[in-house]
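Taking it in order: structure first as structure tokens, then the write-up.
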Amino acid sequence: MVDAVGSLRGRARRRLLAVVLALLATQVGALVAPAYACGCGAMVPDTARRIGVAREESVLRWDGRRERIVMRLTVDGDSDRAAWIMPVPHRADVRLGDPALFDALDAATAPVHRTRHHFWPQDGDWPLVSGGGRDAGAPPPGAGAAPGVSVVGRQKLGPFDVARLTATDPDALGGWLTANGFRLPPLLSTALQPYVARRWEYVAVRLAPETANTSLRGTLDPLSLSFAADEPVYPMRLSRLARTPQSLGLYVLAAHRMEPASALGGSRPRVTFAGRIAPERGSPLAELTSGTPFLTAIGQEFPAPSLIDGDHTLRRAAADTAFQQVIYEDRLRTVAGVPAWLLTVAGTLAALTAAVALLVVRHSRRPAKSVAGEPPDTYVRQVS
């Protein structure tokens, strides 16, 4: 009997160990798996390394003839270099963007804070104070080109080595990446096929930290891409390769309020700000708003990125309706620091108490009535 029990315990331990090892293998595999997709374009890390886009901020400006996309990436991982590829419909001019641009956009679209009073106590007000309290808050060029690829431009922008390419097929682009030290994943090659069919071009950027032997992480300098466009478009097709849910945050500057033409397989796009802005002369927004004064901030969630089936094309909304988020701070209404509801309740109780007391006094002073059949009380005056 003892041997049988010991055997069962041994089997249980072995099974538990197998489960733990399987979970560890899964976690290690997730850590070394590269992340190829970001909201606009694709990120290709060094072989057997990992890199991810933790945050992406983009502003799209369209004046009816040309489009400009300024984006800033925050990356994290263990790779010391990576390639970022973005498809564009026409030949792009590339330059560094101003990091202060996004601070100015955040300030211009910040929600309005207003105070809203309530009469009866809510959670957090005395005497309904909860233990936890309230939350304080209410987001790779190289030297040569492979056959089928034409390098139409090459430049050095700060820490970025930028090449502008044309490619007749994804395999040719893959060969170019391989020649420059990067490997094109098969899924990414398939995802690029629609761009090749439409004869789009590519902007390829080699990302590397300025300090040697340092992982590529943190917020990178913004890049600004400008190209001819018959309609405003924000490339999203490559985001279908993402393995985790994706979020889109996009600022759109145009002559009028803009909206996405479709949801692209994600949730319904939501407008977080819409309105005309007039930044001060010389500010990072001044150049972008010249001729395109209407700013629309759009947010969207993609719980299942594999459902993304195209690029975001933007169209003019039915009306230039302004919108700005309002964050209310709820406060209990008080009078001289005392809750108004407490004064009201106390006053009501005092009035009721006074009314009851008055009724009692009046009742006590009322003369007693005679009983039927008996003469009323009389006073007999004795005459001597």
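Only a predicted model underlies this, so the values are computations on that prediction, with no experimental measurement involved. Note: hydrogens, waters and symmetry copies are ignored here, and every other heavy atom, side chains too, is used. This chain uses plain numbering: 1 for the first residue, then up along the sequence.
- Residues Val203 and Leu96 are members of one and the same hydrophobic cluster, defined by side-chain heavy-atom contacts under 4.5 angstrom among Ile, Leu, Val, Met, Phe, Trp and Tyr.
- One finds no salt bridge joining Arg72 and Asp98 here, because no Lys/Arg side-chain nitrogen approaches an Asp/Glu carboxylate oxygen to under 4.0 Å.
- Minimum heavy-atom separation, Leu165 to Glu201: O-CB, 3.3 Å.
- Residues Phe294 and Thr289 fail the side-chain proximity criterion, which asks for heavy atoms closer than 4.5 Å.
- No salt bridge links Arg281 with Glu287; every basic N to acidic carboxylate O contact stays at or beyond 4.0 Å.
- Within the model, atoms CG of Leu188 and CD of Gln193 stand 12.0 Å from one another, a figure rounded to the nearest 0.5 Å.
- Between Asp311 and Arg198 there is a salt bridge, since at least one side-chain N of the basic residue sits less than 4.0 Å from a carboxylate O of the acidic one.
- The heavy-atom pair separating Ala100 from Pro284 by the smallest distance is CB-CG, 3.8 Å.
- Ion pairing between Asp320 and Arg276 holds under the 4.0 Å rule for side-chain N and carboxylate O.
- Every salt bridge (charged side-chain N to carboxylate O under 4.0 Å, His left out) that Glu259 has, sequence neighbours left out, goes to Arg315.
- Here the shortest heavy-atom pairing between Pro269 and Ser262 reads CG-O, 4.3 Å.
- In this structure, CD on Gln300 lies 9.5 Å from OG on Ser247, to the nearest 0.5 angstrom.
- For the pair Glu301/Gln246, no side-chain contact is recorded, criterion being any heavy-atom separation below 4.5 Å from C-beta on.
- Between the side chains of Glu231 and Thr313, no donor-acceptor pair is found at a separation under 3.5 Å.
- Within the 4.5 Å cutoff, side-chain heavy atoms of Val94 are placed close to those of Leu157.
- At least one side-chain heavy atom of Arg257 sits less than 4.5 Å from a side-chain heavy atom of Thr321.
- Put simply, CE on Met71 and CD on Glu57 are 11.5 Å apart, with the number rounded to the nearest 0.5 Å.
- If you check the side chains of Glu67 and His90, you find no donor sitting under 3.5 Å from an acceptor.
- Scanning both residues, Pro235 and Trp200, for their nearest heavy atoms gives CG-CZ3, 4.3 Å.
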**Report entry** Step-by-step salt bridge (Lys or Arg N to Asp or Glu O under 4.0 Å) determination, Asp93 to Arg66
**Finding:** CA-CA 11 Å; Asp93 295 326; Arg66 291 191 65 83; 3.7 Å; yes
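- Rounded to the nearest 0.5 angstrom, Leu192 CG and Ile85 CD1 are separated by 6.5 Å.
- Between Tyr234 and Pro260, every side-chain heavy-atom pair lies at or beyond the 4.5 Å cut-off.
- Side-chain atoms of Arg237 and Tyr195, non-hydrogen and from C-beta on, do get closer than 4.5 Å to each other.
- For the atom pair Ile298 CD1 and Leu314 CG, the distance stands at 5.5 Å (nearest 0.5 Å).
- What you find for Arg65 and Trp62 is that their closest heavy atoms are N-NE1, 4.0 Å.
- No more than 12 heavy atoms of other residues, nucleotides or ligands shown are found within 6.0 angstrom of CZ on Arg268.
- Closest non-hydrogen pair, Thr109 versus Ala297, comes out as CG2-CB, 4.5 Å.
- By the 4.5 Å heavy-atom criterion applied to side chains, Val196 and Tyr202 are counted as neighbours.
- The side chain to side chain donor-acceptor pair (under 3.5 Å) search around Arg199 returns none, not counting sequence neighbours.
- Between Phe302 and Pro245, the closest side-chain pair of non-hydrogen atoms is not below 4.5 Å.
- With values rounded to the nearest 0.5 angstrom, Arg95 atom CZ is found 7.5 Å from Ser226 atom OG.
- With a 4.5 Å cut-off between side-chain heavy atoms of Ile, Leu, Val, Met, Phe, Trp and Tyr, the cluster of Val59 takes in Val70, Leu101, Phe102, Leu105, Tyr251, Leu253, Phe273, Ile277, Leu285, Leu288, Leu295.
- Not a single donor-acceptor pair under 3.5 Å links the side chain of Ser283 to the backbone N or O of Pro279.
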Requested in this report: Could you please spell out the steps behind the side-chain contact (heavy atoms from CB on, under 4.5 Å) verdict for Leu238 and Met86?
Outcome: CA-CA 9 Å; Leu238 299 184; Met86 180 177 173; over 6 Å; no
